[in-house]
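Notes follow the structure.
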Amino acid sequence: MHQKQMKLSQSKIPLLDSINLNETINSGQVFLWEKKEKSWYGINGQDIIEISENPLKIKSLSHSEDRFFRFDDSIEEIFTNISRDKIVKNAIKRFRGLRLLRQDPFQCYISFIVSSNSNIQNIKNCLKKICVNFGEKIEFQNYEFHLFPTAEDISKKSIQDLLECGLGYRAKYVKKASQDVVNGKIDFEYLKKVDYHTAKTKLLERFGIGNKVADCILLFSLEKLDSFPLDTWMMKILKKYYYEKIPFEGKTLTPKKYDELHEEIVKYFGPYAGYAQQFLFKMERENYQKKWL
DNA sequence: TACTAACCTGTACG
DNA sequence: ACGTACAGGTTAG
């Protein structure tokens, strides 16, 4: 038993070592990670994940770390598969250590509902308050943490309670979304099993979830690697680098156009289009941020 | 169906 | 100082 565990954790180190944590954590996928002294700590639903450097180690409350970092994906094959042009190839070369994460579905669902028309810092603040105010307090590695609250926890809170987390008009979305999980209108295990289109349709029926938020939830927590969230940044990227390959007409992205564009994108990038999105997004964000430094 | 304005909140500019 | 704009969008008209 002991030996088996040793073997498992040893074999994970090369995989973990190939990851650039800083890049991955700061890629807009996750919002509840912080560095304390020499380790990174992240909240993932009812789990806490720790990554320490020197020596490189990974640890979590409920041993979900292999799933979280998608060690089950054949990353080199995926890189080859999505390298359809120079742009993606260079982005992968530049951010080789960036990884797509497999998040806790409920936390991911709430996180991206909260993200709408907001900014990264504000999103982080809101989610942190949601944890501190409603999540279970846990001691881990001599630090105090708050887990992400469950759907039941949030569904019982008043709008007023939620407003105190800085959610603004999103407070009602968050409450309703939580109730929908409790009453079974949203069933993550079902959504994982069905295909992209079926799962997306279900999510879009919910109040406060539009095309972009639905795609983030699908890509980051529901096994839909063909999801490709189209936000303002991705539209900029498509116009800038893919004008000929994936043309887009018109000023606004209507639901119908969003669908058509997604279809073209999957035709072009293939079944791992979501991975490509992550690298392109990172590339453009990084270019943009440089201007402000 | 396509297009627009309004929307909570915090912060970065002018 | 104080007003305005904007942020990985969504909804209502």
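What you are looking at is a predicted structure, and each value in this text was computed from that prediction instead of being measured. Lettering follows sequence order; numbering is per chain, from 1.
Spacing between atom CZ of A:Phe248 and atom C1' of B:dA2 amounts to 12 Å, rounded to whole angstrom units. In this structure, A:Asp259 places its CG atom 15 Å from C1' of B:dA2, rounding to the nearest Å. What separates CD1 of A:Ile130 from C1' of B:dC8 is a distance of 14 Å, to the nearest Å. Across the protein-nucleic acid pair, A:Leu127 atom CG and B:dG10 atom P stand 14 Å apart, rounded to whole Å. Remark: P of B:dC7 and CG of A:Asn122 are 18 Å apart, rounded to the nearest angstrom. A:Met235 has its CE atom 18 Å from the C1' atom of C:dA7, to the nearest Å. The CG atom of A:Asn125 sits 12 Å away from the P atom of B:dA12 (whole-angstrom rounding). When the C1' atom of B:dC7 is taken as reference, atom NZ of A:Lys172 falls 8 Å away, rounded to whole Å.
Considering only residues two or more places apart in sequence or on other chains, A:His262 meets the ring pair (Phe, Tyr, Trp, His ring centres under 6.0 Å) condition with A:Tyr196. Residues that satisfy the ring pair (Phe, Tyr, Trp, His ring centres under 6.0 Å) test with A:Trp33, not counting sequence neighbours, are A:Phe68.
Taking atom P on both nucleotides, B:dT9 is separated from C:dA1 by 23 Å, rounded to a whole Å. A gap of 14 Å separates the P atoms of B:dC8 and C:dG13, to the nearest Å. Rounded to the nearest Å, the gap between the P atom of C:dG8 and that of B:dC13 is 14 Å. With P as the reference atom, C:dT10 and B:dT11 are 24 Å apart, rounded to whole Å. For the P atoms, the distance linking B:dG14 with C:dA7 amounts to 15 Å, nearest Å.
Each of A:Lys251 and A:Arg170 was assigned the nucleotide of DNA chain B with the nearest heavy atom; the assignment lying further toward the 5' end belongs to A:Lys251.
Remark: A:Arg94 does not engage A:Glu284 in a salt bridge, criterion side-chain N to carboxylate O under 4.0 Å. No salt bridge links A:Lys224 with A:Asp195; every basic N to acidic carboxylate O contact stays at or beyond 4.0 Å.
When each of A:Phe269, A:Phe248, A:Phe228 is paired with A:Tyr242, the ring pair (Phe, Tyr, Trp, His ring centres under 6.0 Å) condition holds for A:Phe269 and for no other.
Note: A:Phe106 and A:Tyr109 have tilted aromatic rings, judged against thresholds of 30 and 60 degrees for the angle between ring planes.
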Report summary line: Its dot-bracket string being built from Watson-Crick and G-U pairs below 3.5 Å, with | for another strand and [ ] for crossing, DNA chain C has the pattern ..|||||.|||||

Report task. Dump the intermediate steps for salt bridge (charged side-chain N to carboxylate O under 4.0 Å, His left out) on A:Lys124 and A:Glu34, then the final yes or no. Result -> CA-CA 11 Å; A:Lys124 285 181 178 171; A:Glu34 53 184 333; over 6 Å; no

Query raised in the report: In the 5'-to-3' direction, what one-character label does each nucleotide of nucleotides 8-13 of chain C receive under the scheme B = base within less than 4.0 Å of a protein heavy atom, S = sugar-phosphate only, - = no such atom?
Result: BBSSS-

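Counting only residues at least two apart or on different chains, no ring pair (Phe, Tyr, Trp, His ring centres under 6.0 Å) pair has a member in residues 116-137 of chain A. Identified under the side chain to side chain donor-acceptor pair (under 3.5 Å) test for residues 271-281 of chain A, with sequence neighbours left out: A:Asp73-A:Tyr275.
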